Protein chains: 2
Amino acid sequence: MTSQAGIEQVLKAASMRVTQPRVAVLSAVAAHPHADTETIISAVREDHPNVSHQAVYDSLRLFTKLGVIRQIQPQGHTARYEARVGDNHHHVVCRQCGKLADVDCAVGGAPCLHASNDHGFSIDEAEVIYWGTCPGCQAANA
Amino acid sequence: MTSQAGIEQVLKAASMRVTQPRVAVLSAVAAHPHADTETIISAVREDHPNVSHQAVYDSLRLFTKLGVIRQIQPQGHTARYEARVGDNHHHVVCRQCGKLADVDCAVGGAPCLHASNDHGFSIDEAEVIYWGTCPGCQAANA
DNA sequence: GAACTTATCTTGACTGATTCAAAATAAGCA
DNA sequence: TGCTTATTTTGAATCAGTCAAGATAAGTTC
């Protein structure tokens, strides 16, 4: 759903205007998985140098709300975005360099979705973040 | 491990000085589970009005590093702290009011700890955050 | 295709949590 | 009791992200 046509479709379905900044932002997120906002701004400006950071922030928030992209924000890091959504995957974060990778949970479809004692909360999502060390940093440590 | 004696023990074991701000901070965290930094600063100042916010930040970071307290930082919220550590429990966050509650994962001891494809990462922790609506907000919505 | 309405963007200032740095203080040792 | 230096205080600085007002352009209507 990240082709030009797909983007327009998503936006129009939500009664949102199809604008150059929005198209550029969504393309950038698709092209740079797990990129932070600054990276996305840079990527967008390669093709559209005049797009403001505010437009990027607005677009990212809009797409996140529409469920087209997903925001990830591990402790101590700025927000990252990815266009891979709706497949219940999680992430590993490297404690040393902050590198992020996708992980399909071993347990199956919807792991950990049911808490044993939910204190009356109505739970709609389980977010899992794995912490560890990436191959690069492991090598550097050795 | 949050008694006065316990605190001293922990600090001394780490070759750290036992100071009033540190003791006050750890007590405050124990007394106010899931409190954010500002709440902790206020709590500390009830007994020790002259403690600086910087000392609180430093102490919180130190205790987090020592593993005596745990930092939780859900998306869109400031850091929270709790003194309950080492028992592999998780948290539910209310999307509306940000309220936070403890949750013991249903799956068992170490749920979701083994990723199916870890991309060569060496994983040491799985952090789970449940998102939903708290009883209070559910009532308010109805 | 031109005019119009208003959502969206640009610009620039601002916020608020957290961090940095230098001088003052007080823990714990001798 | 005095000394050394880890901690704390004080006050400024940073940084991601947000707010607000006017300018622009997407999409609709004629």
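Below, chain A is the first sequence line, B the second, and so on; all start at residue 1. Since we're looking at a predicted model, the values are computed, not measured.
In this structure, the CG atom of Asp58(B) is 11 Å from the C1' atom of dA6(D), given to the nearest Å. Rounded to whole Å, atom C1' of dA6(D) lies 15 Å from atom NZ of Lys12(B). One atom, CG of Leu11(A), and another, C1' of dA25(D), lie 15 Å apart when rounded to the nearest Å. Rounded to whole Å, the distance from CE on Met16(B) to P on dA6(D) is 10 Å. Look at CD on Gln20(A): it is 15 Å from C1' on dG27(D), rounded to the nearest Å. Rounded to an integer number of Å, the gap from CZ of Arg17(A) to P of dT28(D) is 9 Å. Taking atom OH of Tyr57(A) as the reference point, atom P of dA16(D) lies 7 Å away to the nearest angstrom. Separating the CD atom of Gln54(A) from the P atom of dG22(D) is a distance of 17 Å, rounded to the nearest angstrom.
Checking dT9(D), dG17(D), dT5(D) against every side-chain atom of Gln73(A), the shortest atom distance belongs to dG17(D).
In this structure, Gln71(B) and Val18(B) both approach DNA chain C, and ranking their closest nucleotides by distance from the 5' end singles out Gln71(B). Between Ser52(B) and Thr78(A), the residue anchored closer to the 5' end of DNA chain D is Ser52(B), taking for each the nucleotide with the nearest heavy atom. Along DNA chain C, the nucleotide nearest to Ala79(B) and the one nearest to Thr19(B) differ in position, and the one closer to the 5' end is contacted by Ala79(B).
Using five terminal pairs a side, the axes of the helix from dG1(C)-dC30(D) to dA30(C)-dT1(D) at its two ends make an angle of 30°, given in steps of 10 degrees.
Rounded to the nearest 0.5 Å, atoms NE2 (His53(A)) and CD (Glu38(A)) are 12.0 Å apart. The distance from atom CZ of Arg22(A) to atom OG of Ser27(A), rounded to the nearest 0.5 Å, is 14.0 Å. Atoms CZ and CG, on Phe63(B) and Leu26(B) in that order, are 4.5 Å from each other to the nearest 0.5 Å.
Judged by distance alone, with hydrogens and angles left aside, the side-chain atoms of His119(A) form no donor-acceptor pair with the main-chain N or O of Val103(B) at under 3.5 Å. When atom types are taken as modelled, the side chain of Gln138(A) and the backbone of Gly120(B) share a donor-acceptor pair closer than 3.5 angstrom. For Glu82(B) (side chain) and Asp102(B) (main-chain N/O), no donor-acceptor pair under 3.5 Å exists by modelled atom type.
Under 4.0 angstrom from either OP1 or OP2 of dG17(D) there lies at least one side-chain N or O belonging to Thr37(A).
Side chains of Val25(B) and Tyr57(B) form no contact here, defined as non-hydrogen atoms less than 4.5 Å apart.
Grouped with Trp131(A) in one hydrophobic cluster are Ile72(A), Val93(A), Leu100(A), Ile129(A), the linkage being side-chain heavy-atom contacts under 4.5 Å among Ile, Leu, Val, Met, Phe, Trp and Tyr residues.
More than 12 heavy atoms of other residues, nucleotides or ligands lie within 6.0 Å of CD in Gln96(B), so this atom counts as buried by the packing criterion.
When DNA chain C is scanned 5' to 3' for any atom under 4.0 Å from a heavy atom of chain B, the first and last hits are dA17(C) to dG28(C).
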